[in-house]
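Scroll down for the structure; my scribbles are underneath it.
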Amino acid sequence: QAAYKARAIVEGWVQNGNPNIVHQLKLLDAERAALLKKPEDAKRLYSEAARSAVRAGEIHDAGLASEHHADYLLQLQDKEGASCQACVSIKFYSDWGATRKVEMLREKYKQLLQSGPPTNW
């Protein structure tokens, strides 16, 4: 219930013209789609959240969206897609200068990243 209320508040900000929060709304919607077992919607929304964050200049939020996307793809057993999103997340956080976060992600995704970059790069 609280999550729906929070989402409604964020949506109101977006509808009132706040361009700097669009990516947050998309991330909330991606998480909801994931919980509702709508994988295609979730994947699309995670990607849109990251793109919107980059457009807003919020590179750290693009990293967060990509990290959540990687975690979701791991739940779906899509290791190649998860590896791709993990690398993207690491790149965003690295560009932002979040050295400790990059170290944490490299440790978190160690096994996933050991096989090298995804073959579809």
Are V88 and L74 connected into the same hydrophobic cluster when the rule is that any two of I, L, V, M, F, W, Y join if their side-chain heavy atoms are below 4.5 Å apart?
yes

Joint cluster assignment, L28 & Y4, ILVMFWY side-chain distance < 4.5 Å:
no

When you measure from the side chain of N18 to the backbone of V14, do you find a donor-acceptor pair of N or O atoms at a distance under 3.5 Å?
no

Any heavy-atom pair between the side chains of Q85 and E80 that's under 4.5 Å?
no

By salt bridge (charged side-chain N to carboxylate O under 4.0 Å, His left out), R51 pairs with (sequence neighbours left out) none

The salt bridge (charged side-chain N to carboxylate O under 4.0 Å, His left out) partners of E31 (sequence neighbours excluded) come to none

Count I, L, V, M, F, W, Y as connected when their side-chain heavy atoms are under 4.5 Å apart, and connections chain through other members. Are I59 and M104 then in the same cluster?
no

Test of understanding: with side-chain hydrogen bond (donor to acceptor under 3.5 Å, both in side chains), list the residues that count as partners of E40, not counting sequence neighbours.
K43

Can you measure from CD (E67) to NE2 (H60) and round to the nearest 0.5 angstrom?
13.0 Å

Partner residues of D29 under the salt bridge (charged side-chain N to carboxylate O under 4.0 Å, His left out) criterion, sequence neighbours left out:
R7, R32

E103: what forms a side-chain hydrogen bond (donor to acceptor under 3.5 Å, both in side chains) with it, not counting sequence neighbours?
R100

Quick one: which residue pairs count as a ring pair (Phe, Tyr, Trp, His ring centres under 6.0 Å) with a foot in residues 14-49, not counting sequence neighbours?
Y46-H69, Y46-Y72

Please name all residues satisfying ring pair (Phe, Tyr, Trp, His ring centres under 6.0 Å) with Y93, sequence neighbours left out, ordered by chain then number.
none

With sequence neighbours excluded, residues passing side-chain hydrogen bond (donor to acceptor under 3.5 Å, both in side chains) with R55:
S52

Just to verify, what does W13 make a ring pair (Phe, Tyr, Trp, His ring centres under 6.0 Å) with, not counting sequence neighbours?
none

So does K108 have more than 12 non-hydrogen atoms from other groups sitting under 6.0 Å from NZ?
yes

Transitive ILVMFWY cluster of L36, excluding itself - 4.5 Å side-chain cut-off
none

For L45, what are the other residues in its hydrophobic cluster, where any two members join if their side-chain heavy atoms are less than 4.5 angstrom apart?
none

Sorted by chain and residue number, the salt bridge (charged side-chain N to carboxylate O under 4.0 Å, His left out) partners of D95 (sequence neighbours excluded) come out as K91

Nearest 0.5 Å, what's the CG-OG distance between D71 and S66?
11.0 Å

Please lay out, stage by stage, how N20 and E58 fare under the test side-chain hydrogen bond (donor to acceptor under 3.5 Å, both in side chains).
CA-CA 8 Å; N20 298 321; E58 304 289 346; 5.9 Å; no

Nearest heavy-atom pair of L27 and A49: which atoms, and what distance?
N-CB, 3.7 Å

For A62 against A50, the heavy-atom pair lying closest together
CB-O, 3.7 Å

Under 3.5 Å, is there a donor-acceptor pair between the side chain of S89 and the main chain of G63?
yes

If every non-hydrogen atom of P39 is compared with every non-hydrogen atom of L76, which pair is closest and at what distance?
CB-CD1, 4.1 Å

For L113 and R106, the nearest pair of non-hydrogen atoms, with its separation, is CD1-CA, 4.4 Å

What's the spacing between D61 CG and I21 CD1 if we round to 0.5 Å?
8.0 Å

Kindly work out whether a path of hydrophobic side-chain contacts (I/L/V/M/F/W/Y, heavy atoms less than 4.5 Å apart) joins F92 to V22.
no

